Amino acid sequence: MSNNHNESILDVRHLKKYFPIEKGFLRRVSGYVRAVDDVCFSVQKGQTMGLVGESGCGKTTTAWTILRLHEATAGEIFFKTGNSEIVDMAAVEKVRLKEIRRYMGVVFQDPYASLNPRKTVLDIVADPLLNYGVKRDEREARVTELLTMVGLDPSFMPRYPHAFSGGQRQRIGIARALALSPSLVIADEPVSALDVSVQAQILNLLSDLRDELGLSYLFIAHDLSVIQHICDRVAVMYMGSIVEEADTEELFSQPMHPYTTSLMAALPVPDPHKPWSPELSGEVGKPSEKGSGCVFAHRCPYAAQICHDETPSLETKTTDTKDSHLVACHFADELDIDA
Amino acid sequence: MQSYIIRRLLYFIPTLILISVISFAIIQAPPGDFVTTLAVQMEARGDQVDEDLINALRARYGLGKPLWQQYLIWIGNILQGDLGVSMAYNQPVSRIIMDRLPWSLLFSFSAFIIVYSIGFPIGFLSAVRQYSILDYVLTFTGFIGLATPNFLLALVLLWVYFEATGQALVGIFSVEYAVASWSFGKFFDLLNHLWIPALIIGTAGTAGLIRIVRANLLDELKKLYVTTARAKGVSEIRLILKYPVRLAINPVISNIGYVLPALISGEVITSIVIGLPTIGPVLLRALQTEDMFLAGSIVLILSVLTLVGTLVSDLLLAVIDPRIRHGV
Amino acid sequence: MSDRAQNSDDSQSQVDDRFVHQVPPQFSAFSSASQWQLIRWRFLKHRVAVIALGVLSLLYVCAMFAEFVAPYNPRSTDPRYTHAPPQRIRIFHSGKLSLPFVYPVVKGRDPQTLATKYSEDVDTPLKLRLFVRGDPYRLWGLIGSNIHLFGVKRERFMLFGGDAAGRDLFSRTICGARLSLTIGLLGVFLALLLGILLGGTSGYFGGTLDLLIQRLIETLRSIPTLPLWLALSVALPDHWSISQRFLAITVVLSIVGWADLAREVRGKFMSLREEDFVRAAELGGASTRRLIFSHMLPSFYSHIIAATTLSVPGMILGETTLSFLGLGLQAPAISWGVLLSDAQHFRVISQTPWFLIPGLFVIITVLAFNFLGDGLRDAADPYAN
Amino acid sequence: MNSDSSPNREWLIDIKDLHVTFSQDDKTVNAVNGVDIRVHKGEAVGIVGESGCGKTVTSYSLLNILPLNGRIVSGEVRYRGGNGSIIDITKLNPRSREMRKLRGGEIAMIFQEPMASFSPVHTIKDQIAEGILLHQPPKDKKVREKIIEYLGMVGISNPERAIDAYPFQLSGGMRQRAMIAMALACNPKVLVADEPTTALDVTIQAQVLMLIKEMQQELGLALVLITHDLGIIAHMADFVYVMYLGRVVEKGPVATIFDSPKHPYTRDLIRSIPKLDRPEKRLATIQGNVPDASRLPSGCAFHPRCREIIGEICRQTEPVLEEVEADHFAACFLHSPKREIEPGTGESEIVQQPQ
């Protein structure tokens, strides 16, 4: 995988994002949706960190809080900028955001909504460059370079997004994300809106670009199989918390949290000879009704009383690999639930 | 739903205050205060100007004090039922309004009935038969209704009525019933005089409603739940009546709030042209003679009535739409 | 991308990864069509809207060159033509086809009732001519001329008949168009300024400001407009000149009219604020100003144009109604509303129905604006599907 | 499972050479171009393909509920009724009584968006009862009891409460369960499921799919499952149709399709999906993009993206489905005895179009 593990580019510590629930005619705050609840993880340089989970698990809110589109309720988000300064995105003054965000590229989920239909490809990709004062000629040269990089013909520059298919649009979106040579790219479900046959193209493109440009990714997806292909390390989220985190190979060969195994079992493998036996019952709970105890206790087939009473912390468990494998489960050591 | 209703009621208050400010501004708009105008008018009529009366009026309405104090005094008086004095009629404003308001309401309400009983079915028809000749004819007629100024329509209908019957359509009752006591004959005479003005007042509203119903229904017809119901084997007509119509009713009800102001405006202008004994002609005369207490009060009352109507329509919406009822 | 070459060994997968299906050349016009081109293509498919645009253009051109298009000075009176009925344009004279002409009207009296009566003098046809010399005028107060688009050499030709003072109603209608048509545009322009300012503020910044502005909008929308207009127009001093009064009435109309536009602007702003592409621009370092003016506004110019077009009719109807009641523009100003105020009573109409012709123009104009606005609204979002 | 080769098995639905077009603005989109599909009693047929391949349109044609701008141009959709009578659905007036009797009563359908498929202002009871009263007016039991029974059957906990709920008061998974209850309540013979789980989370998707499978087997239904997800097809279908741009390019029993796909599109599709069990660093891809259905490529519609193109024949002639092995059909010249191999062209030639 990678050899410089110790250089983290993004370090999220005890991040919390609570949204108030307003009730009654006075809009009194009656409670909080704990969308992100004490989340810790880091992204290493040159690597891809995956956040995986079902809808409403807080993965997108996490990304937005990192980008400071949301204000964090608590916690720190240490980000190493291109000039090696370390800033806390959760606390940095707003005036500095522009200067810091240039080192973060974002790829959106919907290739249709994320490109302004009224602007040409050139204008779309060059927009970040314009904001940072790059001159016109240089902009065009850079856009040419970027389009080639993502596999598009530079002669497409004067065209409008409506002339392109979903996959091509997503390439344009990637080119825009890379315009300012970011060190970290946050990709929020970048392939979930694409056709199966195009998905693979985009995943390969993203891997290639990471290797060529030395990028680091925070890759958000709900699809385990996609995550597995592109990520070096994966954190599984459930109802605002990370329940398990490990290197990809480790996680997929030796999952330790019952939710992770359920998630894997639920995914039908495209092979009729392999058995498919999803077992997980129940539904994702409402984050607003989260009480004490393990977030997964209400659906967990192994849940004991302690699971309902005490919140398990995310701890390193005994494994034979050199990288840490973190699990938040009271019974992680006892359960034998390998996939 | 409770919180929705309470919030809706609370919103009502600032809106009321805003409207009263606007009405007060109208009273204050012409140069000079109204007592001075009154004195000048009395003089012009050759009456003796009663200094005591003038001074009493000044004190009562706080003239000469800062505007905000005058406003508070005015509001205070209104809350006690005192809307001021009309110079032109030499009567309390509240008396004049009370005499005429019921008729205004009668006409507006009849127009309202006409708007909904004509507009909804026509809008429905032209949506269900989209792009048919019928749709084009109905839509075009609707457009004409929308484009014709109320007063013009009133004039033309009066003229046509006159040409056809040789009689003038003026007022609420024919001469023989004007002072007679209530009877069936008088009632039918009233109906006979009612429907033409009501039709005129309602034209623009009807045309607007047709467009809204048509657009909403067409929107709903494209929804997936209509396909679902169709896939269940529900017949086309039941399907339309049960689902899209039910859902298209919501925007139509919430639209009441914007039909009402148009009806009130229409009532004012139509009454002026036809010479109905409603508030409209009084307002015009009050404005022409700068009888500002009267004019301002009329604007206030008409606006408040409209607001109440809007409020009712919103509450109605909460009752019929489970999404609002359950606070989604 | 210098290390591209070193990967070329395993280029098999590289090539097809980076392969992009070429867009066929015949679609290049479409692929590089800007939003305005797409809007135009879509708009042109709306036949009714295109016709409406044509009608409006014609009306505005006529209003612009009113002195030239009108055969007579709209204020010149002629006692021979008081209440004269419209003259018909004919092409058959004593059974023979000829160039368009009219018969002169002759004022007379009904021998029994002694009422004034007009009859046609069928013996002396008046040839209709183009570019006829007539009443002198100064176009826009600058260019002096006495050439009119059409007319007759002797007598008078009154296409729409004469009014109570024997003035030519056609000329008056054409000249009235100038005030009536501009008051709509000007009023909407003012309303739009207010609407964009307040609606944009409300939609962009949100919070308490939004709440306040929203309340204001809702209140204005729930007040019956006509009484408010009437009341406000009374506040105008009587001694004001035509142009002062004109401007004041415009302001009165737009004070009431901005609320709808503000609501439109606000809604659009709110939804655009949530669009991914706006967020992308924000994250790409765009300043608030660039975000609004370069990324958000272009997306709703077309919507605003459509909404604005649809609110012109309200202004025109407002002016007409106010002037009809004598509270808007007043004679000697000439507008359609002022002209219609001559037809206050249905008995007048039964005698001289042609006094209603300016009303026909009001209807046509309002219809055309509605059709045009509908067409524009449908074409405004070419990316809808 | 087999289809055409066993004459003793009666088909329930037989689609023959179906062509469906849509008019959009001024252009005509050929959404379905000559599709043959056969569904037998108790069989689970999977139709798989990417967006724009015509799979949803095909399913809508089954019930004759195409939107107004869609039109069945030619072909047959035959249904075998309980008494052995055969009805051609395309010949029926979409509004006729016979057609409506089939809808819901014989062929029931569940849709992709469980939220949008329910009217938001009617209760669950109201919407389920409608179908029951139309097709299966109960004699002994009350409608309400029957609905509660079905809601319980599809695994909705507390059906007595859920029956009076509005759709927005249920979660996505529960709504889709209610949808299934609604479809099953009229005892149909065929269940058509159009991407029934695309809008759901993975764990909920698994539950709903399991439920569909269970119900199908328990009630002996024929299932037509439409999806873009090969994983779902692998575990849900007995017989698979692969569609590309309005045509069936390959069909066969599910094991055959996955074990030895014959059409290059099927092959590429299976290779290019990321798999949990076979992690590869680099995914195989299909080059290019799915073309716009309004401008279909000439010849074989897949030829611009095909890595196994033979030559001119692929660009000019449209291949037809031909049997490549027992019960397994592919529409590709690679497997056609008719193909003329042009000299100098290999099977693995890769088109390299200029960028």
Side-chain angles (χ1 to χ4, degrees), chain A residues 64 67-69 97-99 101-102 104-120 123-124 127-132 145 148-153 156-165 167-168 171 173 176-177 179-180 186 188 200-202 204-205 208 211-213, chain C residues 1-4 6-7 10 13-25 27-39 211 271-291 294-302 380-385:
Chain A
W64 285 24
L67 287 164
R68 192 71 176 273
L69 286 170
L97 281 178
K98 180 176 172 183
E99 151 208 347
R101 277 184 186 152
R102 72 169 296 170
M104 297 176 164
V106 183
V107 180
F108 292 83
Q109 173 176 13
D110 185 346
Y112 290 84
S114 59
L115 304 183
N116 189 341
R118 290 164 177 83
K119 287 187 182 282
T120 61
D123 287 341
I124 290 171
D127 191 65
L129 299 168
L130 184 75
N131 295 331
Y132 288 88
E145 189 186 2
T148 318
M149 214 160 27
V150 298
L152 288 176
D153 190 328
F156 289 170
M157 275 195 287
R159 293 189 180 164
Y160 287 85
H162 62 248
F164 296 93
S165 68
Q168 290 171 319
R171 287 172 194 263
R176 173 178 59 192
L180 296 167
I186 298 180
D188 186 5
Q201 294 175 5
I202 300 297
N204 284 350
L205 174 68
D208 290 348
D211 299 344
E212 282 162 21
L213 305 173
Chain C
M1 306 304 301
S2 52
D3 50 3
R4 166 68 63 234
Q6 85 187 45
N7 288 347
D10 57 58
S13 55
Q14 286 289 332
V15 167
D16 55 41
D17 272 12
R18 305 288 168 101
F19 177 90
V20 170
H21 192 64
Q22 292 269 264
V23 179
F27 292 100
S28 55
F30 172 74
S31 37
S32 53
S34 72
Q35 69 158 330
W36 297 114
Q37 269 163 312
L38 292 178
I39 288 173
L211 208 69
S271 64
L272 272 174
R273 195 86 186 81
E274 298 296 310
E275 288 276 355
D276 273 357
F277 72 79
V278 174
R279 199 160 280 135
E282 187 184 348
L283 291 172
S287 61
T288 305
R289 224 188 64 204
R290 253 186 67 76
L291 212 56
S294 173
H295 293 275
M296 293 166 76
L297 275 183
S299 306
F300 69 72
Y301 286 149
S302 54
D381 193 358
Y383 309 103
N385 19 331

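Chain letters run A, B, ... following the sequence lines, proteins first and then strands; every chain starts at 1. Since the model is a prediction, treat every value here as computed from it, not as a measurement.
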Check whether [X] gets within reach of chain C through its side chain, its backbone, both or neither, counting any heavy atom under 4.5 Å.
X        : value
A/Leu69  : side chain
A/Leu130 : side chain
A/Arg68  : neither
A/Tyr160 : both

(message) Can you tell me which of A/Asp127, A/Leu67, A/Ile202 forms the most heavy-atom pairs within a distance under 4.5 Å of chain C?
(response) A/Asp127
(request) Just give me the residue among A/Arg102, A/Lys119, A/Met104 that pairs up with chain C most often, heavy atom to heavy atom, under 4.5 Å. (result) A/Lys119
(request) To the nearest 0.5 Å, tell me how far C/Glu275 CD sits from A/Leu115 CG. (result) 11.5 Å
Which heavy-atom pair separates [X] from [Y] by the least distance, and what is that distance?
X        : Y        : value
A/Ser114 : C/Asp276 : CA-CB, 3.6 Å
A/Asn131 : C/Arg290 : OD1-NE, 2.9 Å
A/Arg118 : C/Ser302 : NH2-OG, 4.5 Å
A/Arg101 : C/Glu282 : NH1-O, 3.9 Å
A/Trp64  : C/Arg279 : CH2-NH1, 2.9 Å
C/Gly285 : A/Tyr132 : CA-OH, 3.9 Å

(request) State, with a plain yes or no, whether a side-chain heavy atom of A/His162 is found less than 4.5 Å away from one of C/Leu38. (result) yes
(request) Answer yes or no: is there a donor N or O on one side and an acceptor on the other, between the side chain of A/Lys98 and the main chain of C/Leu283, under 3.5 Å? (result) no
(message) Under the rule for ring pair (Phe, Tyr, Trp, His ring centres under 6.0 Å), what residues qualify as partners of C/Phe300, not counting sequence neighbours?
(response) C/Phe269
